[in-house]
Amino acid sequence: MTDSLAFRPFGLNRILREEWFLAISILTCLVVFGFEGPLLKQLADPFWLAFIFLMLFAAVLGSALSVVRHADHLAERLGEPYGTLILTLAVTSIEVMAISAVMIHGENNPTLARDTLFAVVMIILNGMVGLSLLFGAWRRPEQSHNLQGANAYLGLIVPLATLSLIMPGFLYTSGGPHPSAPRQMVLGIMSIGLYGVFLMLQAGRNHHFFAEEDELPVKRDAHPAPRSLWLHTILLFAYMGPVVFLVEELAKPIDYVIETLRAPVAFGGAVMAVLVATPEAISAVRAAVANHLQRSINIFLGSVLSTIGITVPAMLAVSYIFAHPVTLGLEGSDLVMLILTLAVSIITFASGRTHVMQGAVHLVLFVAYVLLIFQQ
């Protein structure tokens, strides 16, 4: 009894120290909710626009990082592949909410979902992969990973990316570049169906595809502490709450920049992609630096797969429900960049070993993507 009483204040003090950002997120939500009109009516002032944008972006990003932190804690207690699955699904949920908020709020941006999906693929498969391979192999000649796992990811990423971002550009209808309702339904069913099959593979009899080939079985507590599991689960959803509210407010300055200041249309997609990819990028780079390349691959390839397999059907559903047309097919240099990135990714993970040069190539492709955003 004495130990239990002594534990409670210690646990509460520790929670208050570690979860201080939750108070900032809630306070930001209250300020925006109470003074939304005065805060947003001065967006014509560039300094005020920058302040509001950075304030909301920092609050959403900080909350997203906290979501990932608690997802990582759950991952440690539940083990792989469930840990990486929790992480990718949590971040994908944030992504779906972010794109939906900007889509519903904006009136003249039917390409937002496409631009965001494309940006996520470029940031992860080039930026995140490049940094992970570069820093991971900086002190080592090579790093190894499970070839079967990488093949399983890429075996779905390539066809789903082709059907979602390449093929629609060649299937114009009388209504324009927006996919028809039957095509939307077929694409959504195929994406969800293939992703569901992959989850059965990942969590079922082939879960060893996603572990290091020479990894020894790790003994885990068969009954993790319920208190710890529930605490991290509750805090994960507590941080998701501010994300849901603040990301809708963040959509307003983003739309102002695109529609009023005539910024590149892809700017909105890039902002959303940075928002959702940054938390996973940090986890992936840390894993690669610690010489856990398979964990890093599970994060970034799993993120791309969940983005296409879950976000595309969700965006098509939002488009149908709220009558906001979407354009999915890439054109011009974006189409070339996507095909090049997929081809280079296949080559990078084809041997089961990676080195510094491959990381440098992916980073060069990422720089090329960033430069092309402002030249369209």
Side-chain angles (χ1 to χ4, degrees), residues 80-81 84 87-88 117-162 164-166 198 201-202 206 208-215 273 277-278 280-309 330 333-372:
E80 293 292 347
T84 300
L87 177 61
T88 54
L117 291 173
F118 176 59
V120 169
V121 173
M122 291 296 103
I123 290 174
I124 294 178
L125 287 186
N126 288 327
M128 188 190 300
V129 170
L131 288 176
S132 298
L133 299 187
L134 192 64
F135 286 114
W138 191 256
R139 296 181 180 179
R140 308 171 185 91
E142 290 181 334
Q143 285 187 295
S144 61
H145 62 85
N146 193 325
L147 184 59
Q148 291 176 306
N151 286 339
Y153 282 118
L154 292 171
L156 282 186
I157 290 173
V158 172
L160 286 180
T162 301
S164 301
L165 297 174
I166 298 177
F198 174 81
L201 173 75
Q202 186 181 37
N206 297 111
H208 59 279
F209 285 4
F210 309 95
E212 296 286 353
E213 293 183 321
D214 56 349
E215 183 179 8
T278 298
E280 287 186 308
I282 295 175
S283 297
V285 172
R286 284 178 176 174
V289 170
N291 203 23
H292 298 300
L293 183 61
Q294 185 59 47
R295 162 74 171 165
S296 184
I297 288 176
N298 290 344
I299 292 174
F300 49 65
L301 292 186
S303 178
V304 173
L305 180 57
S306 63
T307 293
I308 301 175
L330 294 171
S333 60
D334 290 345
L335 179 59
V336 176
M337 284 296 300
L338 177 62
I339 295 174
L340 177 60
T341 297
L342 293 176
V344 171
S345 298
I346 293 173
I347 296 172
T348 296
F349 299 109
S351 66
R353 294 184 177 276
T354 61
H355 48 78
V356 172
M357 178 59 70
Q358 293 168 322
V361 170
H362 282 274
L363 284 180
V364 168
L365 292 180
F366 176 70
V367 172
Y369 159 72
V370 174
L371 294 177
L372 288 172

*Asks:* Yes or no on side chain to side chain contact (heavy atoms under 4.5 Å, CB included) for L363 and N126, after CA distance, side-chain angles and deciding distance?
*Replies:* CA-CA 6 Å; L363 284 180; N126 288 327; over 6 Å; no
*Asks:* With rounding to the nearest 0.5 Å, note down the distance linking CG in L134 to CE in M357.
*Replies:* 10.5 Å
*Asks:* Please examine the side chains of T348 and L133, heavy atoms only from C-beta on, and report whether any two atoms are closer than 4.5 Å.
*Replies:* yes
*Asks:* Sub-3.5 Å donor-acceptor pair from the side chain of Q143 to the main-chain atoms of A288, do we have one?
*Replies:* yes
*Asks:* Grab the two heavy atoms, one from L201 and one from A152, that are nearest each other, plus how far apart they are.
*Replies:* CD2-CB, 4.1 Å
*Asks:* If you round to the nearest 0.5 Å, how far is CG of L147 from CG of L154?
*Replies:* 9.5 Å
*Asks:* Here's a test for you: under side chain to side chain contact (heavy atoms under 4.5 Å, CB included), which of V121, L301, T162 qualifies with I157?
*Replies:* L301
*Asks:* May I ask you to check whether F349 and Y153 place their ring centres under 6.0 Å from each other?
*Replies:* no
*Asks:* Answer with yes or no whether the side chains of T354 and H145 bring together a donor and an acceptor at under 3.5 Å.
*Replies:* no
*Asks:* Quick one: closest heavy-atom pair of I308 and S164, and the distance?
*Replies:* CG2-OG, 3.8 Å
*Asks:* Return the CD1 to CD1 distance between I124 and I299, rounded to the nearest 0.5 Å.
*Replies:* 10.5 Å
*Asks:* About how many Å separate CG of L293 and CG of N298, when rounded to the nearest 0.5 Å?
*Replies:* 9.5 Å
*Asks:* Using only atom types and a distance under 3.5 Å, with no angle test, would you say the side chain of H362 pairs donor to acceptor with the backbone of L125?
*Replies:* yes
*Asks:* Looking only at non-hydrogen atoms, find the nearest pair between P141 and H355 and report the distance.
*Replies:* O-CB, 3.6 Å
*Asks:* On a heavy-atom basis, which atom in A161 and which in L342 lie closest, and how many Å separate them?
*Replies:* CB-CD1, 4.1 Å
*Asks:* What are the two closest non-hydrogen atoms of Q294 and N146, and how far apart are they?
*Replies:* OE1-N, 2.7 Å
*Asks:* Please lay out, stage by stage, how V289 and V285 fare under the test side chain to side chain contact (heavy atoms under 4.5 Å, CB included).
*Replies:* CA-CA 6 Å; V289 170; V285 172; 4.2 Å; yes
*Asks:* Provide the closest heavy-atom pair for Q358 versus I347 in the form atom of the first, atom of the second, distance.
*Replies:* NE2-O, 4.4 Å
*Asks:* When rounded to the nearest 0.5 angstrom, what distance separates CG in L156 from CZ in F198?
*Replies:* 7.0 Å
*Asks:* Within this structure, what is the CZ-OG1 distance for the pair F118 and T307, rounded to the nearest 0.5 Å?
*Replies:* 14.0 Å
